[in-house]
Amino acid sequence: YRDYIKNVASSEIYSTWPEATLRANILAIMSFSLNRVYTEWYRGKGYDFTITSSTAYDQKWSFGRTIFSNISRIVDEIFNHYLSRPNVQQPILTQYCDGKNVTCSGWMTQWGSRYLGEQGYSPIEILRYYYGSSIYINSAEEIAGAPLKLVYTPLNGTGLIPVTTVLERAGITDVTVVPEQKEPNGDFPTCPYPNPEIRQAMQKGIDLCEQVHPDLLLATDPDADRVGVAVKNGDDYLLLTGNEMGVLLLDYICKTRAACGEDLAKKVAVTTIVSSAMVDALADEYGFELRRCLTGFKYIGDIITSLSDAGEVDRFIFGFEESYGYLAGDHVRDKDAVSTSLLICQMAQYYKLQGKNLADAMHELYEKYGYYHNKTISLSYPGAEGAAKMTGIMAGLRENPPAELAGSKIEAVVDYNTCVNGLPKANVIEFDLEGGNKGIVRPSGTEPKIKLYIFAKGADAAEADAALDAIEESGRKLLA
């Protein structure tokens, strides 16, 4: 099939046309042929073939055709990509004509796409010019090439049916479910707290992993809106943090879209003020707009809604918060572990085909951008006097902020109670340290606790962790 697409593209279009034009046309060629296969257009009419080589009905294929090297390269790069529309299951019938000898209203014209490419249009902009704004470029992994093997646990919650269903539809069927955590049980008898962030909740799954040796362990929380992952790392299983998974997914989305020639400069990714600073490095690398909001996925949803109200919802590519909540797409306005589980598996498959797992991929990102490490500590203030003490601590930090933290000068104090960057008022204070590290203090709205979010960057993991420890020690004294 890959050779067929290369032949058709070399027969239908000129290799000298702009790269964006070539990519748009190749995507259309692939989508058209997949539609013929999926719908069994000819076989349903009694014929014994799937597609013809007649340009009157289908697309040109020439026996013995010389394949242009740049067309061959592009096909290899985007072979796992396809076009889709929301709520449409079958491949899109992307009809086209040359636009010079034949005109075709409502279809893409090849010569017209050449003109758009010369005007600087990206592949997706060319495709949307002809097929409408609801068309998207997606990626699908070659599951059959290196089958993905999973252990999955719904943590005695609601995720079993929706998660395994979407994975099965994607061809991921080698899934072993943790038996003790398979059925819904509101008592959650297997762990102290059914939270995929903590190792105790994942331990049953890790124990099963030691027996079946999967590519990754996937766990969704009881209401299936948050998801955690563990992967083999040396002799043990590493639990990827919410920040690490958010960075991995955003990088994966950006690199696969960029491989299709999509211009990311107009795209928007959203995360919170307490999420990893490594996202800023990704924004610099790929050119997308990064927006930060207050803690809580509702604020990410608000930004998606504002883009939708402006007719720009297609600009949104990904949102995440450090507490294991992720969303790719605008189908909901909240974190979604079901669709994210599929996206994580697609990403794991992408790296498996390169001989890597997600721990390897994260290590590569650390080596490329620096070791951005994070830590969150919670300090309790029990009893009747606890609330008053918390109020006093926050007031003191505002009235008399410290000059240094962990021996580093505090270069800026950001009080989010003053509507910073147009955000709603929030009882949150940020201390920006020299060298780029920082600490954020945020009292809980429901418990007698103050959270300290710590951010540090190092040349290696040891340097970053040492900075985290120093800031934590100083921060505990400050909040005592």
Side-chain angles (χ1 to χ4, degrees), residues 153 155 157 159 163 191 193-202 205-206 216-231 233 237-253 269-283 290-301 317-328 334-345 347-348 357-359 361-363 365-366 369 371-378 428 438-440 442 444 451-457 461 464-465 468 472:
T153 172
L155 295 177
V163 170
C191 56
Y193 190 61
N195 182 349
E197 297 183 52
I198 62 176
R199 194 173 185 92
Q200 296 98 314
M202 303 283 274
I206 292 172
L216 74 157
L217 164 64
L218 196 69
T220 52
D221 72 342
D223 58 350
D225 64 355
R226 299 190 304 134
V227 57
V229 168
V231 292
N233 187 42
Y237 276 82
L238 171 70
L239 271 64
L240 294 168
T241 70
N243 277 314
E244 288 175 329
M245 182 54 65
V247 166
L248 278 167
L249 287 170
L250 181 54
D251 177 72
Y252 168 71
I253 290 169
V270 187
T271 192
T272 70
I273 60 173
V274 299
S275 297
S276 174
M278 197 173 193
V279 186
D280 297 276
L282 293 183
L290 176 64
R291 298 188 189 182
R292 290 190 180 267
C293 59
L294 297 179
T295 306
F297 221 91
K298 65 178 182 180
Y299 295 110
I300 296 177
I317 54 172
F318 188 63
F320 83 94
E321 56 186 1
E322 100 299 337
S323 55
Y324 291 57
Y326 317 96
L327 178 66
D334 204 349
K335 50 191 176 287
D336 177 16
V338 179
S339 62
T340 303
S341 293
L342 177 58
L343 184 61
I344 289 170
C345 289
M347 176 174 64
N357 68 12
L358 295 184
M362 191 66 230
H363 178 74
L365 291 180
Y366 279 136
Y369 297 111
Y371 284 77
Y372 289 83
H373 283 195
N374 308 81
K375 190 174 186 179
T376 302
I377 61 173
S378 293
V428 179
K438 65 182 176 182
I440 296 180
R442 172 179 170 263
S444 170
K451 284 188 174 182
L452 174 61
Y453 301 86
I454 308 171
F455 306 78
K457 181 185 177 183
D465 287 340
L468 287 180
E472 177 183 353

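Because the structure is predicted, anything quoted here is derived from the model rather than measured.
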Check your understanding: So, do Met362 and Val231 sit near enough that their side-chain heavy atoms are less than 4.5 Å apart?
Key -> no

Review point. Looking at residues at least two apart in the chain, or sitting in another chain, which of them share a side-chain hydrogen bond (donor to acceptor under 3.5 Å, both in side chains) with Tyr326?
Key: none

Practice item. Could you tell me which non-hydrogen atom of Ile273 sits nearest to which non-hydrogen atom of Phe455, and how far apart they are? Key: O-CZ, 4.2 Å

Check your understanding: Can you check whether Leu358 reaches Ile344 side chain to side chain, under 4.5 Å on heavy atoms?
Key -> yes

Review point. Ala201 and Leu155: which non-hydrogen atoms are nearest, and at how many Å?
Key: O-CD2, 3.3 Å

Review point. Which heavy atom of Arg442 sits nearest a heavy atom of Tyr453, and at what distance?
Key: NH1-OH, 3.0 Å

Exercise for review: Rounded to the nearest 0.5 Å, what's the gap from OH on Tyr372 to CG on Leu282? Could you check?
Suggested key: 9.0 Å

Review point. Of the non-hydrogen atoms in Phe318 and Leu249, which two are nearest, and what is the gap between them?
Key: CZ-CB, 3.7 Å

Exercise for review: Would you check if the side chain of Asn233 reaches a backbone N or O of Ala359 as a donor-acceptor pair within less than 3.5 Å?
Suggested key: no

Check your understanding: Partners of Glu197 by side-chain hydrogen bond (donor to acceptor under 3.5 Å, both in side chains), sequence neighbours excluded?
Key -> Arg226

**Study point:** All ring-ring contact (aromatic ring centres under 6.0 Å, His included) counterparts of Tyr366, not counting sequence neighbours
**Key:** Tyr371, His373

**Study point:** Spacing of OG1 belonging to Thr220 relative to CG belonging to Asp336, to within rounding of 0.5 Å
**Key:** 10.5 Å

Check your understanding: Is Met202 close to Leu239 at the side-chain level, that is, under 4.5 Å between some pair of heavy atoms?
Key -> yes

Exercise for review: Would you check if Asp251 and Met347 make a side-chain contact, meaning some heavy-atom pair closer than 4.5 Å?
Suggested key: no

Practice item. Please answer whether the main-chain N or O of Thr271 pairs with a side-chain N or O of Arg292 as donor and acceptor at a distance below 3.5 Å. Key: no

Exercise for review: Would you mind reporting whether Tyr324 and Asp221 have side-chain heavy atoms less than 4.5 Å apart?
Suggested key: no

Check your understanding: Can you find a pair of side-chain heavy atoms, one from Leu248 and one from Leu240, that are under 4.5 Å apart?
Key -> yes

Check your understanding: Given side chains that start at C-beta, do those of Asn243 and Met278 come closer than 4.5 Å, heavy atoms only?
Key -> no

Exercise for review: Would you mind reporting whether Arg199 and Ile206 have side-chain heavy atoms less than 4.5 Å apart?
Suggested key: yes

